[in-house]
Structure formats: structure tokens, C-alpha cells
Amino acid sequence: MTTATEVPPAAASPSRPDGDAVAPARWSPVELLPAALVALLGGWLLLPGHGLWFDELFTAEVARLPLGDILTAIASGEGTASYLAGVPPSYNAPYYLVTYLWTSVPGLGGDTSLRVLSLLATAGGLSLTTRALTRLAGRGTGVLAGLVLGANPLVLEQSVEARSYGLAVLATGATALGLVRWLQSPPRGLLLFGLAGAGMGLAHWYAVTVLASFVVAAVLLRGRRAFPVVLTGALAALPAVGFVGLAVLNGTGARNAEHLRDTGGRLVALAAEAWAGGRTPLLYVALGLAVVGAFRATGARVVGACWLVVPLLLLVAAELVRPVFLPRYLLAGLLGLGVLAAAGAMALPRPARVPVAALLLGCSLLASAPLADRGPRERADDLVAVLAEVHRPGEPVVAADQRSATGLDHYVRTLAPRLRPDVVLPPDDAPAGEDRVWVVRRLLGGEPEPTDDDAILRSAGLRMADQYEFPAGKTDLVLQLWTR
């Protein structure tokens, strides 16, 4: 018999120390809202059907090759085309293997399907992240974190490009869920943590820093009992380390180094600005709430803080040796900022939670709004369409540089195969004995990039007679007609 002063067990409030939050009795469809949001926003960004740009074109061209050729190129560090001799698929090699399998499915060989793969992977990753945070800190925190990430400009931008960042988000969400399962009922979740953790590093090796952050969180929460997580994390990092080692051995390890820049000690500030789409209201709201989350949040405080801080500290230390900053490379770690901000919003007094959560989500959507007006990053598809109209059979079409060659080769194959016999790709030079020659090249600083083709054509008595420009967000291309 229960007395008036006793509390029945079913009504007692469970103890909720950080890392031990009671998991909901069952999964709720509400947890699909973040995936639905990113799918909706990402689908809207895909509607214009802009053509692929250089990195995406490289993915498309590698994915269509026979599997044996891809594996050979990865191992040897050799390019997959004459004009890509210095650009082998060793970098992010696992992603190209995934896209090979994806495009092997009937009906999925087109350009858009490669972007859809990234979008689906991102949506899946946010669903897993939402579930992990729901188990750890409650459904309110989990769903809000997922929605904030789904509306984030950096996440959205990378979710609709044919590159590996969507898979990195998917693997990161799965790793987080594995960690939470282990925290709540070990040894459950350890296998998922290890397999997904390996997938993180294989999707993009910077994500290994997030794997390290999850290990640190486990140690802080469980001390010596976290040894299985430490060991599993170390084993999970080995595949990524192996691919980095392979890239060093075959000479491709520093291929993208020119894209990285030294931040002069401002890496953390620049990373936060990139996540928030610049100095937008989102930056200040998210940082303020992240501080609240780091000190007051229940359940997600340690995991969220480690998720954000550890990767940034590791990259700041790495920058002492060489430049490492490129916003999209930091994507997996910057997810922690959204997680911690959402936890901070839900740690506020109850009357303030809904308004502040709405403010955080609204700022995220506002920061992402400019993406809706984003034009094409490269217009090789438009260039080939114009070329197909003005070109006469037998007139050489010369690609003057690597980027131009990639776009020309891809879209001639997919849009205008009748041009193929007249296409001249590097390292072949422009023919000197023709009366009319078309040249495709990119613009640097508003001027055509100089190449050997200019001297060859001029010495043969040809001069540029016409020019079509194709400006874009990433690469500006130009189509030139040279005649005698």
C-alpha cells in the first residue's frame, strides 16, 4: 500500500547524469522532421538542374569506369584520363568506390543521381544524429539539433554536391548513435561505433578528428570503463590512416594542399563563420547557446562540447605545421556546434525554450536563404550546348586546360556525342593546319588562362574571331573561335 508521502516507482523522475539519459520507450515519426527538412531544402536547391563543376565532374568521370581501372588508379596514383594525369582518384578513394556501386544500379547513372546520393546520405545522417541526441538528452533536444543542422548553410551546400561530405555526415550520425547506445547499455553500440567510425575517416579523413572527440567524451564520462571505446576508436581510425599512407606513397598526399590556407591563428573564428554562412545572426545566437549548452545542458553537454572543441583543437595544433583550413573539410566537426547550440536552447528555463529554439532555427534558415539564388558553379553544359549549335563538322575543338577538358569531355559524351571526333584533349595541342579552330578555356582574373595553344595558333596565322563567355560561381569558362 502506498502512503501519501511515498512516490510510486512509475512516477519517480529518473536520474539523468550526463551520458545516462533515459532512452525514449520507442522511436517517434517526429524524429524524421530533420531528414524531411534537409530533403525539402536540398531538393529545392537541385531543381534548377545546374551542371556539375570540376570536383563533381571528376566524380562522374571516375564512377563510370570499370572497377578494375578505378582500383588500379587508386593504388598507383595515376590519373584516369590523359588530361587528369596529375589527378588520380586516390584522394577520397572510398567515395569513388561507393559512387561506382551507386551508378551501377539501373537508372542511377545520371549526373543528378550523384547529387541525390549526397542528399540522401545527409538526410540519413541527420536522422541518426537526431536519434542519438534524443536518446541522450530527450526528444526536444534531438529534434531541434537535427532541424538546426538540416537548415544550416554549410550542411545544405554540401548535401547537394556530388562529393563525399554527405557520406561523412551519415557516418558521423551513425557513430554518434553507436556511442550513445554504448553509454547507456554497454556493450551495445560498440560494433556500430567501430564500423561507422571507420566509415567517417574513409568518407573524409578530417572526420577522424570527430571520432577522436567521441572517444574523449567516452573517457570523460566513463573513465577507465571507456577502454573498449578507446580501443575500438583506435582500430576504426586505421583504415583512414591507411589511405592517407597510400596517398603519401603514391605521391598524391599533397595534391589538394594549394586549396588550403593559413588562417593566421583565426581558424576557430573562420570555422564558426563558415558554419553560420558568414557574420550572420546565426553566428552569435549559436555561439551564445553553445556556451549555455556546454555549462548547463543535461545529457548532451559532454558529448556536444567534445564534438565541437576536440576537432578544432586538433586542427589548430595541425596548423602549426601546415595550413589545414577549408570550410567543407571541417563539416563533420562543425556539426557539434549545432548540437551544442540546440542543447543550450533546451537548457534554458522552460518558458524560454520554444521562443529561443524558434529563434535558432529561424536564424539557420535565414543564413541559408542566399543558397536559393545560387547560380551554377560551372557552365560546361551550357558551353557544349552552344558549341553544338555553332560548330561545323571537321572543326577541331581544343580544350586548353585541365578543368576545361574535364567539362568538355563529360558533356560532349552526355549531351553532344556527335562532337566527339573533333575534340582535342590535353596533352594534345591545337592543330596548326586548320582554318577554323574552337578553343575551350577558363578565365583567371577575367583573362583567358595562357597555354601553349595560343602560340601554336598564332604562328599558324590564326586569330581569335569570336568569343562566348560562360561566367559562373566557381569556374569561368570561355569558348573561342580562331580563324585565318
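In this text the structure is predicted, and so the values were computed from the model without any measurement. Nothing fancy with the numbering, it's 1 onward along the sequence. No hydrogens, no waters, no symmetry mates; every other heavy atom, side chains included, goes into these values.
- For Ser113 (side chain) and Leu108 (main-chain N/O), a donor-acceptor pair under 3.5 Å exists by modelled atom type.
- Of the possible donor and acceptor atoms, one in the side chain of Ser159 sits under 3.5 Å from a partner among the backbone N and O of Leu156.
- By the neighbour-count criterion of 12 heavy atoms within 6.0 Å, atom CZ of Arg420 is densely surrounded, having more than that number from other residues, nucleotides or ligands.
- The backbone N or O of Pro311 lies less than 3.5 Å from no partner atom in the side chain of Thr209, so there is not a single donor-acceptor pair.
- No side-chain donor-acceptor contact under 3.5 Å links Thr232 to the backbone of Leu190.
- Thr99 contributes no side-chain N or O that, together with a main-chain N or O of Ala63, makes up a donor-acceptor pair within less than 3.5 Å.
- Within the structure, ring-ring contact (aromatic ring centres under 6.0 Å, His included) contacts touching residues 214-237 (residues at least two apart or in different chains) are Phe214-Trp307.
- With Asp401 contributing its side chain and Arg442 its backbone, the two residues share a donor-acceptor pair below 3.5 Å.
- Results of the side-chain hydrogen bond (donor to acceptor under 3.5 Å, both in side chains) test with Arg115 over Glu56, Glu161, His50 single out Glu56 as the only residue that passes.
- Put simply, the side chain of Tyr100 never gets that close to the backbone of Arg64: no donor and acceptor are under 3.5 Å apart.
- Under a 3.5 Å cut-off, the side chain of Arg379 and the backbone N or O of Phe470 do not form any donor-acceptor pair.
- The number of heavy atoms from other shown groups lying within 6.0 Å of CZ (Arg418) is above 12.
- Counting only distance, with no hydrogens or angles, the side chain of Trp275 and the backbone of Leu334 share a donor-acceptor pair below 3.5 Å.
- Between Arg328 and Asp55 a salt bridge is recorded (basic side-chain N to carboxylate O distance below 4.0 Å).
- Side-chain atoms of Glu319 do not come within 3.5 Å of backbone N or O of Leu267 as any donor-acceptor pair.
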